[in-house]
2 protein chains.
Amino acid sequence: MPRAGLSPAALVDVALEELDAGGGPLSIGAIAARAGVKPPSIYKHVAGLAELEALVGARIYDDLGHELEAATAGLERADAARAFLHAYRAFAVRHPERYRALPVHPLGHPLLEAAGERVLGIAARAVDGLSGDDAIHALRALRAAAHGFATLEAAGGFGLATDVDASFDRLVDRLVAP
Amino acid sequence: MPRAGLSPAALVDVALEELDAGGGPLSIGAIAARAGVKPPSIYKHVAGLAELEALVGARIYDDLGHELEAATAGLERADAARAFLHAYRAFAVRHPERYRALPVHPLGHPLLEAAGERVLGIAARAVDGLSGDDAIHALRALRAAAHGFATLEAAGGFGLATDVDASFDRLVDRLVAP
DNA sequence: CAGCGATGGCTAATGCGATTAGCCTGAGCG
DNA sequence: CGCTCAGGCTAATCGCATTAGCCATCGCTG
């Protein structure tokens, strides 16, 4: 039995392929098959499905964070907020399965906390300049709108033909209006 | 073996109790136990867990629809939109487990379509008066914001102490601004 | 009132997915 | 060359959903 060259990170790669291939939620069996290995072997690298899901979530948050970072770099205030929102939605549209696999509430989970906080930090920077509670309110509005739109779109929730980009632009305009 | 007086509707009642009691996703075993019956007996009333989940979703959409209906009755335009948003969020806050159990995309599922469309129809009435695409854009913004905020809040996603009501009011103001 | 079919319980069995136990091999190091 | 052990594997266990097949009860009917 040749070694398969697995590792936690490699398994996350495989799991992402599996996610992208559709077919619903992750399963040990499906990941093992895609990795060319029998299910029990997975446990030599991760503690179980829950841990693997968490690692996958962390990876996705990381990727999302990098894109948000790149999109908002050097921008401030309304510009940063706009860029954040567009990059956030773009990620969800480009990777709907991955977006759906993200836990809504990463904070509090040891494996997800870091990546989740990074994303939140980028959002926080986009509402910089506002003082105290105003920043909190703006941040929450940003998160709610971004997450709500992304979720609905990633779930195929916008049935009509009307241009979804335009709808999003309108929403963004509302949110970042002076 | 005395009869337990079950029916699809009664099972939905039981499932809602189970949901409200926390403890994660529905399971046939838990529902059977709460109904005072062995698991296989459930299948005399519903086709399986998937159907029961759909019936539960339909019931929740129905309840939500009634509350939205009541809250928006007789109102128009911005007033209706405000009332819709507040009632929507209030439902999610009052029944976080139920809100989490709602499928994001009810349309297309035979058992959920009707109730889902009713809710959507109420939202549509709240953006009445806008013409064509404008109404669609406004409707999508309403859904995205309401769903995003409700989801985050029902998931315990707003950690800070800052008043969440105030955050929501700000968001609503942004959305229904003239 | 006995008889009867449908209804709605139950127990036992199946199947699938996650997980665990325990074996075995071969790669890398002394 | 031989040892160790990481990393495969097979076989077994467990927890659920689901199915098969049995039987009591209910409501009706002759």
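Atoms considered below: every heavy atom in the structure, side chains included; atoms not considered: hydrogens, waters and symmetry mates.
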>> Looking at B:His66, I'd like to know if its NE2 atom is crowded, meaning that more than 12 non-hydrogen atoms belonging to other residues, nucleotides or ligands lie closer than 6.0 Å.
In response: no
>> Are more than 12 heavy atoms, taken from residues, nucleotides or ligands other than A:Arg94, located less than 6.0 Å from that residue's CZ atom?
In response: yes
>> Of the options C:dA12, C:dG9, D:dG8, whose atoms approach the side-chain atoms of A:Ser41 most closely?
In response: D:dG8
> Taking atom C1' of D:dC9 as reference, at what distance in whole Å does atom CD1 of A:Ile28 sit?
Replying inline: 16 Å
> 5'-most contact on DNA chain D: B:Gly48 or A:Ala4, nearest heavy atom basis?
Replying inline: A:Ala4
> Out of curiosity, B:Phe149 CZ to B:Leu175 CG, how far, rounded to the nearest 0.5 Å?
Replying inline: 11.0 Å
> How many Å lie between CD1 on B:Ile31 and P on D:dA17, as a whole number?
Replying inline: 8 Å
>> Rounded to whole Å, please give me the gap between CD in B:Glu51 and P in D:dT18.
In response: 11 Å
>> Given the structure, check if the side chain of B:Lys44 and the base of C:dG9 hold any donor-acceptor pair shorter than 3.5 Å.
In response: yes
> Just checking A:Gly36: base, sugar-phosphate only, or nothing, at a heavy-atom cut-off of under 4.0 Å?
Replying inline: nothing
>> By nearest heavy atom, map B:Arg3 and B:Val37 onto DNA chain C; which one lands nearer the 5' end?
In response: B:Arg3
> Would you say D:dG8 has OP1 or OP2 under 4.0 Å from some side-chain N or O of A:His45?
Replying inline: yes
> A:Lys38 has an atom NZ; how far is it from atom C1' of C:dT25, in whole Å?
Replying inline: 17 Å
> Taking OH from B:Tyr43 and C1' from D:dT18, how many angstroms apart are they, rounded to a whole number?
Replying inline: 5 Å
>> Membership question, hydrophobic clusters at under 4.5 Å side-chain separation (ILVMFWY): are A:Leu152 and A:Leu160 in the same one?
In response: no
> Rounded to the Å, how far apart are B:Leu49 CG and D:dC16 P?
Replying inline: 12 Å
